[in-house]
Amino acid sequence: EDKTVETALTMTLPDYLAPSLDIIFIGINPGVVSAARGHHYFNPTNHFWKLMFQSGLIDEKMTAKDDARCLSKGFGLTNVVARTSHAEADLTRVEKKAGSKDTVAMLQQLRPKVACFNGKGI
C-alpha cells in the first residue's frame, strides 16, 4: 500500500541481520519510496535487486518485495541511519556520526565476511 510522503518520512525499514552472513549491505538511510512501500531498495530507479542476480550473488531473481528472504540467501540489509529522508543531505551530522558508531559496533558483533556500504554518496 502506498503511503503519503509525510507518512513515509515517519517510517523506518526493518533490519535483516544475523551473525556470520556472507555480506551485509549497508545503505545510508531509507529513501521515501522504499519506506512508503516497506521494502529495501524499492524505488524502480534502483537496480540493486536486478544486479544482485546478474552478478551471481543470488541464484534467483528477487525484488524488493522479497527483502525479508535475504537472510536465507546469506546476506543482510541495514542502514547507517534508520530515519527516512528525501536525500542524505537531509540527515544531520549528529545522526550520521551516531549511526556510524552503531554500525561499527553491529559489524564487530555480527562479523560478516563482507560489509558493503552502498548509496549515492558513497
Fill in: Arg37 CZ to Asn43 CG distance, which is reported to the nearest 0.5 Å
11.0 Å
Worksheet, complete the sentence: For Ser34 and Tyr41, the nearest pair of non-hydrogen atoms, with its separation, is OG-N, 3.4 Å
Practice prompt. Identify the two heavy atoms, one from Arg69 and one from Glu60, that lie closest to each other, and give their separation to 0.1 Å.
Written response: NH2-OE2, 2.6 Å
Worksheet item: For the hydrophobic clusters of this structure (ILVMFWY residues joined by side-chain heavy atoms under 4.5 Å, transitively), does one cluster hold both Phe75 and Leu13?
Response: no
Item to complete: Starting from the C-alpha separation in whole Å, work towards a yes-or-no answer on side chain to side chain contact (heavy atoms under 4.5 Å, CB included) for Glu95 and Asn29.
Response: CA-CA 10 Å; Glu95 285 177 302; Asn29 72 308; over 6 Å; no
Discussion item. Can you tell me how far apart CZ (Arg83) and OG1 (Thr12) are? Round to the nearest 0.5 Å.
Written reply: 12.0 Å
Discussion item. As an exercise, state the distance from CD1 of Ile58 to OG of Ser72, rounded to the nearest 0.5 Å.
Written reply: 10.0 Å
Fill in: Contact check, side chains of Met62 and Lys73, non-hydrogen atoms, under 4.5 Å
yes
Worksheet entry | Atom of Gly76, atom of Cys70 and distance for their closest heavy-atom approach | CA-SG, 4.1 Å
Worksheet item: If you group Ile, Leu, Val, Met, Phe, Trp and Tyr by side-chain heavy-atom gaps below 4.5 Å, do Leu57 and Leu71 land in one group?
Response: yes
Worksheet entry | Single hit among Asp67, Ile24, Leu17 for side-chain contact (heavy atoms from CB on, under 4.5 Å) with Leu77 | Asp67
Worksheet item: Side-chain heavy atoms under 4.5 angstrom apart, residues restricted to Ile, Leu, Val, Met, Phe, Trp, Tyr: same cluster for Phe42 and Met52?
Response: no
Worksheet item: Who passes ring-ring contact (aromatic ring centres under 6.0 Å, His included) against Tyr16, sequence neighbours left out?
Response: His40
Worksheet item: Does Phe117 belong to the same Ile/Leu/Val/Met/Phe/Trp/Tyr cluster as Ile28, with side-chain heavy atoms less than 4.5 Å apart forming each link?
Response: yes
Worksheet item: Hey, are the side chains of Leu21 and Leu110 touching, using non-hydrogen atoms and a 4.5 Å cut-off?
Response: no
Fill in: Atom pair CD1 (Ile26) and CG (Asp15), whose distance is rounded to the nearest 0.5 Å
10.0 Å
Item to complete: Nearest 0.5 Å please: distance from the NE2 atom of His86 over to the CG atom of Leu9.
Response: 4.5 Å
Worksheet item: Which atoms form the tightest heavy-atom contact between Ser85 and Ala87, and what is the distance?
Response: OG-O, 2.8 Å
Discussion item. When you compare the side chain of Leu107 with that of Pro112, does any pair of heavy atoms fall below 4.5 Å?
Written reply: yes
Discussion item. Hydrophobic cluster membership, with links at side-chain heavy-atom distances under 4.5 Å among I/L/V/M/F/W/Y: are Leu51 and Phe48 in one?
Written reply: no
Item to complete: Please indicate whether Arg111 has more than 12 foreign heavy atoms, meaning atoms of other residues, nucleotides or ligands, lying under 6.0 Å from its CZ.
Response: no
Practice prompt. Of all the heavy-atom pairs spanning Asn79 and Thr103, show the shortest one and how long it is.
Written response: O-OG1, 4.4 Å
Worksheet item: Could you state the interatomic distance from CG (Asp59) to CZ (Phe53), rounded to the nearest 0.5 Å?
Response: 8.0 Å
